[in-house]
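The structure appears below as C-alpha cells.
Bear in mind the structure is a predicted one, so any value in this text is a computation, not a measurement.
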Amino acid sequence: MAEGQGSWGRPVPLGQGGASEAAHFVAAPLLAGACIATVGVLGADAEKFRWPGPAMLLLTLAFAALVGSVQYGFHARRHLYSPADVESWHPPDSFRPSAELLRREQRRHFGEWLRQSRRAALTYNLGIALLGAGGALALAAPEGASFWHAACRWAASAVLAAGALAELEWTLREWWTRRALLRAARAGGGEAGRGESGEEGRDV
C-alpha cells in the first residue's frame, strides 16, 4: 500500500482480503476437522500404524495452529472495510467526521487488519506443514507389512514429508524476509516505514 497523506488503506493485491477469508474461514476449519478425525482413527487402531503417538501429537499441533488461524482471521476481518463501506455508514447528507479523519481511521484499522492477517497466515501455513508431517508419520508402513504394501506406504509418506518440508521452508523464509524488511524500514524511518505495510507476499 502506498500510504501517502490522505489516501485509503488497500490490500495488495486487491483480492488479498477475499483470499484470506477463503483460507481462514473455509479451508482452515475443514483441515482442523480432518486433523481431529485422523487423531481418532490413530487412537482407535494404533496397532495398524508404525508411529501412532508422534503422528497424533503432530496432528494435534496442526489442529491448534489451524484453529489459531481462524481466530486471528476473525479478529483481522473486523478491521477490513472499503471506502464504499465508509460512505454507506457516513452518507454525505449526514453529520459525519471530516474526510481526512475518516481516511486516517481507515488506514489505522487497515494496519491492524494487516498485522492480524499476517499472524493468521503464519499459523495457517504452520498448520499445513504440521498436518503434512503428521500424515507422513501416519502413512509409514507398520511392522510386518508385505513388500509392496510397505513400498507404497513409504512412497506416500515420503511425498507428504517432502510437501511438509517445502511448506515449512517457504513459511519460514517469508517470515524471515518480512522481519528483515521491517528492521530495514525501522532503521530507515520515514516513508520506508510506512511503505512496508503494503508489501506483497504469500500470505495464504
Side-chain angles (χ1 to χ4, degrees), residues 1-35 62-131 167 170-186 188-204:
M1 177 184 67
E3 199 171 280
Q5 185 68 21
S7 64
W8 298 96
R10 61 183 178 86
V12 178
L14 292 177
Q16 184 63 41
S20 296
E21 289 189 29
H24 309 311
F25 301 147
V26 179
L30 292 174
L31 292 172
C35 290
F63 170 80
L66 291 165
V67 170
S69 78
V70 175
Q71 290 295 318
Y72 278 127
F74 166 75
H75 290 293
R77 186 61 184 86
R78 297 183 302 162
H79 296 94
L80 181 64
Y81 53 90
S82 68
D85 296 321
V86 174
E87 290 298 320
S88 66
W89 281 99
H90 299 284
D93 56 350
S94 67
F95 176 77
R96 56 185 283 173
S98 67
E100 177 53 34
L101 180 61
L102 291 173
R103 284 192 290 268
R104 187 161 60 245
E105 184 179 55
Q106 189 269 344
R107 290 197 302 271
R108 181 173 61 83
H109 288 161
F110 176 78
E112 182 63 20
W113 170 80
L114 194 62
R115 185 173 68 89
Q116 295 283 355
S117 66
R118 283 174 176 168
R119 291 179 178 179
L122 177 61
T123 53
Y124 177 82
N125 292 332
L126 286 177
I128 295 293
L130 288 166
L131 174 58
E167 178 71 19
W170 196 328
T171 299
L172 293 178
R173 180 157 50 87
E174 287 290 312
W175 177 81
W176 182 258
T177 300
R178 184 169 294 131
R179 296 290 294 178
L181 288 172
L182 278 172
R183 286 194 295 269
R186 287 167 182 164
E191 291 298 321
R194 290 195 293 271
E196 187 279 332
S197 62
E199 71 175 276
E200 188 172 348
R202 178 182 176 272
D203 281 341
V204 293

The side chain to side chain contact (heavy atoms under 4.5 Å, CB included) partners of Ala32 (sequence neighbours excluded) come to Phe63, Leu66, Val67
Tell me, do Gln71 and His75 make a side-chain contact under 4.5 Å, heavy atoms counted? yes
Residues Ser69 and Ala120: closest non-hydrogen pair is CB-O, 3.4 Å
Heavy-atom closest pair (Tyr72 atom, Gln116 atom, distance to 0.1 Å) is CD2-OE1, 3.2 Å
All heavy atoms of Val26 vs all of Pro29, minimum pair found to be O-CD, 3.4 Å
Minimal heavy-atom distance between Leu130 and Ala62, with the atoms involved, is CB-CB, 3.6 Å
Checking Arg118 side chain against Ala121 main chain: does a donor-acceptor pair fall under 3.5 Å?
-> no
Heavy atoms of Leu80 and Gly17 approach each other most closely as CD2-CA, 3.9 Å
Side chain to side chain contact (heavy atoms under 4.5 Å, CB included) filter on Ile128, not counting sequence neighbours, yields Leu31, Tyr124, Glu167
For His109, the ring pair (Phe, Tyr, Trp, His ring centres under 6.0 Å) test, sequence neighbours excluded, returns His79, Tyr81
Between the CG atom in Leu102 and the CZ atom in Arg107, the distance rounded to the nearest 0.5 Å is 11.0 Å
Next on the checklist: Run Arg119 and Arg115 through side chain to side chain contact (heavy atoms under 4.5 Å, CB included) and show every step you take.
Outcome noted: CA-CA 7 Å; Arg119 291 179 178 179; Arg115 185 173 68 89; 2.9 Å; yes
